[in-house]
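A quick note: this is a predicted structure, and the numbers were derived from the prediction, not measured. Just so it is clear: chains get the letters A, B, ... in the order the sequence lines come, proteins before strands, and each one is counted from 1. Computed from heavy atoms alone, side chains included, the values below leave out hydrogens, waters and symmetry copies.
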Protein chains: 2
Amino acid sequence: MPRPRFEKLPPEKRELILETAAKEFAEFGYEGASLNQILAKAGISKGAAYYYFDNKEDLYGTAVSHYAIEMIDKLDLDFQDLTAVSFWPALQTMYEQQYTQFAERPWVFGVVKSGGPMNQALLMQGELGEFWQNLEGMLANLLRQGAELGVVRHDLPDDLMMAVVMAVDEAHDNWLLSHLPEMTNEELQAAAAQMVGLLQKLLAP
Amino acid sequence: MPRPRFEKLPPEKRELILETAAKEFAEFGYEGASLNQILAKAGISKGAAYYYFDNKEDLYGTAVSHYAIEMIDKLDLDFQDLTAVSFWPALQTMYEQQYTQFAERPWVFGVVKSGGPMNQALLMQGELGEFWQNLEGMLANLLRQGAELGVVRHDLPDDLMMAVVMAVDEAHDNWLLSHLPEMTNEELQAAAAQMVGLLQKLLAP
DNA sequence: ATTGGTTGAACCAGATGGTCTAAAATATAC
DNA sequence: GTATATTTTAGACCATCTGGTTCAACCAAT
């Protein structure tokens, strides 16, 4: 939780700090990203940084929350009334939106997903524990729904399925990131289909 | 390449150093593992370490080579005369061997695979570049053979398929590592089938 | 006694996340 | 406009860590 005074900063300054932080965390992960580097790149001093945030973890949490909220606002994450027919198309819609709407700001998804397979222990311990439980709950809920609808296998342990889905998601994101400069909008849509195809192959019964 | 004098050390001492290093590199990766920590845990001094190795990268490369050679010796990696019928069973045999023979020393595979998705750039630049090209070449060759035999899809970009296979492999290894203490030999065999099942689902046309 | 091999640990420069205080900037009161 | 109070900031400093350098001390062999 940042200090309340952070919210009173001019929006451009807030966004500069959060965007700089998100880019570093998305690229290097929490441990690998250096607070000193973030501050140097954002052009704020150490004293100012500690005036607005408790510590590195607080900055991380603020960035993750900020972009997760934006992500949730902008993506059609309505997974309420899924049917066996609409399950995979709904997932594909979500990936299309992710890829096309955030193509120029891939760090948005990068930082939100930076809590992926590697950082669970750290994140569960911190202030964002509840947030991450909710996010994992979302994926777990999706897999459970899919199983009930008969479109997702239920022969594997839950934790393994979660881990594999996140790993494939991450691998695909990284692949996409390295090909992003060359991609047209149509190609991004095709990439979403490709990603969902991978998931469907992995997860279908 | 370690100094020749390293090979003249008593085998127990050599193994202690390499095993300690491998455990740290397997757990934290090359960047995340600390040379100072490895030395403290192995009980050798800095001076001695630099007497036997050029630097951290040299130690890493030595550990990777050492265990890769052991892995290649012990596993039935004969992928020469595969048929459409024998393709997946051969993969399963390999995973069975990996899981059952190295259950008590998972760092062997951990360090060899630590060059996975994240460290490619570093490794390609170093002395082990050729080694990694060969290892990647092995996997690429396997995928190509599978495609020729009609048991592996060839509708995805090669680099994406490689990345996804490695990501799933790593996620499964990590899952296995966290469940290893409870697993019987039969369960390890089942895990191998599970892993190959995942690959087959992902890769079959 | 001399030589060669090995080792320990002090040292180095640079980096990390975090602490602290004086200076600078801004807001408020008159 | 000036004086004062409050807020914000810069950057020196801290302890600890990193990978790497160095050399005197020790030991075994001759």
> Within the structure shown, what part of the strands sits under 4.0 Å from Phe53(A) by heavy-atom distance: base, sugar-phosphate, or nothing?
nothing
> With side chains defined as the heavy atoms from C-beta onward, is the minimum distance between Arg3(A) and Asp54(A) less than 4.5 Å?
yes
> Take Tyr51(A) and Lys46(A), find for each the nucleotide of DNA chain D with the closest heavy atom, and name the residue whose nucleotide sits nearer the 5' end.
Tyr51(A)
> So, is Tyr50(A) near the phosphate of dT9(D), with a side-chain N or O under 4.0 Å from OP1 or OP2?
no
> What's the closest nucleotide to the Ser45(A) side chain, out of dT18(D), dG11(D), dT16(C)?
dG11(D)
> Using a 4.0 Å heavy-atom cut-off, does Lys13(B) contact any base of the nucleic acid, only the sugar-phosphate backbone, or nothing at all?
sugar-phosphate
> Roughly how many Å is it from CD in Glu31(B) to P in dT18(D), rounded to a whole number?
13 Å
> Could you check how far CG of Leu39(A) sits from P of dT9(D), rounded to whole Å?
12 Å
> Whole angstroms only, please: what is the CD1-P distance between Ile44(A) and dA10(D)?
8 Å
> Using a 6.0 Å distance limit plus a 45 degree cone around the ring axis, check whether Lys56(B) lies over the aromatic ring of Tyr30(B).
yes
> Pick base, sugar-phosphate or nothing for Ala33(B), based on heavy-atom distances below 4.0 Å to the nucleic acid.
sugar-phosphate
> Does Arg5(B) make a side-chain N or O approach to OP1 or OP2 of dT6(C) shorter than 4.0 Å?
yes
> Quick check on DNA chain C: between Ala48(B) and Gly47(A), whose nearest nucleotide comes earlier from the 5' end?
Ala48(B)
> Looking at Glu19(B) and Lys23(B), does any basic side-chain N land under 4.0 Å from a carboxylate oxygen?
yes
> How many Å lie between CG on Asn55(A) and C1' on dG17(C), as a whole number?
9 Å
> What nucleotide among dT6(C), dA10(D), dT18(D) has an atom nearest to a side-chain atom of Ser34(B)?
dT18(D)
> Would you say Tyr60(A) and Ser114(A) are linked by a side-chain donor-acceptor pair, where the criterion is simply a distance under 3.5 Å?
yes
> So what does Lys56(A) hit on the nucleic acid, given a heavy-atom distance under 4.0 Å: a base, only sugar-phosphate, or nothing?
sugar-phosphate
> Would you kindly give the CZ-to-P distance between Phe6(B) and dT7(C), to the nearest whole Å?
11 Å
> Rounded to whole angstroms, how far apart are CZ on Arg3(B) and C1' on dT7(C)?
15 Å
> Tell me the interatomic distance from Leu9(A), atom CG, to dA25(C), atom P, rounded to whole angstroms.
17 Å
> Got Val151(A) and Leu82(A) here, is their nearest side-chain heavy-atom distance under 4.5 Å?
no
> Rounded to whole Å, how long is the line connecting atom OH of Tyr60(A) with atom P of dT16(C)?
18 Å
> Establish, with yes or no, whether the OP1 or OP2 oxygen of dT16(C) is under 4.0 angstrom from a side-chain nitrogen or oxygen of Asn36(A).
yes
